[in-house]
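Here's the structure, in structure tokens; my notes come after.
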Amino acid sequence: MASSPPRTGLVVATTVAALVAFAANSVLCRVALGGATIDPMAFSVLRVGSGAAMLLLLVALPGRRRAHASTRLALDWPAAAMLALYAVPFSLAYTRLTTGTGALLLFAAVQATMIAGALRLGERPRPLQWTGIALALAGFGVLVAPGVEAPSAAGAFSMAVAGVAWGLYSLRGRRAADALAATAASFTAATPLVVAPALLLLVGAAASSLAGVAVPELLRIAVSLEGALLAIASGAVASALGYVAWYTALRGLSAGQAAAVQLAVPVLAAAGGIVVLGEALTPRLVVSAVVILGGIALAVLGTTPRRRTPPPS
């Protein structure tokens with residue numbers, strides 16, 4: 001028997017919790033990496049690993065095991081590779097980007113990838129949707145165009161890669177019958193894929209030190225207790241518990257509503273950066289945010305997607 005939709009109060013509460021959690025990922029990452037409390041690779045390892053541990057714990061809860069007795073934790077390595085390709089560039093980007101700019105770039109890249117995936121599957125946008133896509137691209141151009149307030153090109157590229165990877169991961173995950181188990185499996189399989197390059201960096205750093213050569217910035221592995229705790233909070237709480245809240249909320253949201261509420265994530269992340277880190281709200285960010293988010297709103301709400309929209313971050 002299919003479970004009944006959750007009550008309105010629960011839908012609102014879980015939706016708000018999920019959106020705050022997704023925005024918190026950007027804030028936590030920026031706090032950790034902007035303050036140089038941890039290096040990007042170590043942050044990625046701890047984030048993905050702690051997320052996997054929390055998700056596996058949730059999947060193994062007795063009540064859930066009884067409700068999903070037939071679910072198997074099948075590892076999806078292509079999905080795991082996309083998840084790893086999202087996690088590492090995401091961390092690298094936040095060594096160079098402000099919280100709001102990074103979240104906006106990530107969100108734009110994710111949605112662009114999702115729209116491209118819909119086109120590939122045969123969905124044809126209406127004129128209003130094409131207008132929205134054009135507006136979003138124009139806003140993206142405003143944000144990254146050269147100038148005094150332009151974000152780092154390397155940071156913008158890294159975040160765009162992270163967004164495309166997350167979009168591809170989300171497209172693959174749309175067909176999962178048990179979203180929580182599939183996410184747990186992906187995080188579990190992604191953990192060694194993130195640990196491997198981190199170990200290679202450690203070996204490179206050790207070799208450079210033994211040779212009496214200054215260790216390049218890229219090879220430096222540095223972890224403080226504060227940085228480790230921030231990474232674990234990002235993985236176990238903002239990521240893992242955020243997904244649980246999101247999947248609960250999706251049971252009471254239409255596809256259009258799910259797409260619409262996600263527009264709040266970059267705004268919440270920017271607000272978090274301003275309040276927590278004292279980051280400036282530049283005119284370029286404001287203009288590009290309005291144009292990008294307005295364009296995405298037209299693109300995703302012009303028609304009702306066939307299935308629910310996966311989480312953005």
Distance-only, no hydrogens or angles: does the [X] side chain make a donor-acceptor pair with backbone N or O of [Y] under 3.5 Å?
{"X": "Thr14", "Y": "Val11", "value": "yes"}
{"X": "Thr37", "Y": "Glu226", "value": "no"}
{"X": "Arg30", "Y": "Tyr94", "value": "yes"}

How close do [X] and [Y] get, heavy atom to heavy atom, and via which atoms?
{"X": "Gly51", "Y": "Ala240", "value": "O-CB, 3.9 Å"}
{"X": "Pro40", "Y": "Leu92", "value": "CB-CD2, 3.6 Å"}
{"X": "Ala84", "Y": "Leu193", "value": "CB-CB, 4.0 Å"}
{"X": "Met159", "Y": "Gly102", "value": "CG-O, 3.3 Å"}
{"X": "Leu58", "Y": "Leu241", "value": "CD1-CD2, 4.0 Å"}
{"X": "Gly242", "Y": "Ala18", "value": "O-CB, 3.8 Å"}

Atom pair [atom1] ([X]) and [atom2] ([Y]), whose distance is rounded to the nearest 0.5 Å:
{"X": "Ser26", "Y": "Leu106", "atom1": "OG", "atom2": "CG", "result": "6.5 Å"}
{"X": "Asp76", "Y": "Leu83", "atom1": "CG", "atom2": "CG", "result": "10.5 Å"}
{"X": "Met82", "Y": "Ser186", "atom1": "CE", "atom2": "OG", "result": "11.5 Å"}
{"X": "Leu97", "Y": "Leu104", "atom1": "CG", "atom2": "CG", "result": "10.5 Å"}

Pairing residues for [X] by the side chain to side chain donor-acceptor pair (under 3.5 Å) criterion, not counting sequence neighbours:
{"X": "Ser91", "answer": "Ser44"}
{"X": "Thr99", "answer": "Glu279"}
{"X": "Ser234", "answer": "Asn25, Arg47"}
{"X": "Thr191", "answer": "none"}

Which other residues belong to the hydrophobic cluster containing Leu277, where Ile, Leu, Val, Met, Phe, Trp and Tyr are joined when side-chain heavy atoms lie under 4.5 Å apart, directly or via other members?
-> Val27, Leu28, Val31, Leu230, Val276

Positive for side-chain hydrogen bond (donor to acceptor under 3.5 Å, both in side chains) with Thr183, one of Trp246, Tyr243, Tyr247 = Tyr247

Test of understanding: clusters of I, L, V, M, F, W, Y form through side-chain heavy atoms closer than 4.5 Å, transitively. Do [X] and [Y] belong to the same one?
{"X": "Val203", "Y": "Val194", "result": "no"}
{"X": "Leu225", "Y": "Leu46", "result": "no"}
{"X": "Phe22", "Y": "Val275", "result": "no"}
{"X": "Leu229", "Y": "Met41", "result": "no"}

By side-chain contact (heavy atoms from CB on, under 4.5 Å) - contacts of [X] (at least two apart):
{"X": "Ala109", "result": "none"}
{"X": "Ala189", "result": "Leu75, Trp77, Ala80"}
{"X": "Ala42", "result": "Ile38, Asp39, Val223"}
{"X": "Ala87", "result": "Val48"}

With Phe43, which residues qualify under ring pair (Phe, Tyr, Trp, His ring centres under 6.0 Å), at least two apart?
-> none

In a table with atom names and distances, give each donor-acceptor pair under 3.5 Å that connects a side chain of residues 287-299 to protein atoms at least two apart or in another chain.
from	atom 1	to	atom 2	distance (Å)
Ser288	OG	Arg284	O	2.8
Ser288	OG	Leu285	O	3.1

Restricting to pairs with a member in residues 184-207, which pass salt bridge (charged side-chain N to carboxylate O under 4.0 Å, His left out), not counting sequence neighbours?
-> none

Would you say the side chain of Thr15 lies within less than 4.5 Å of the side chain of Val12, judging by non-hydrogen atoms?
-> no

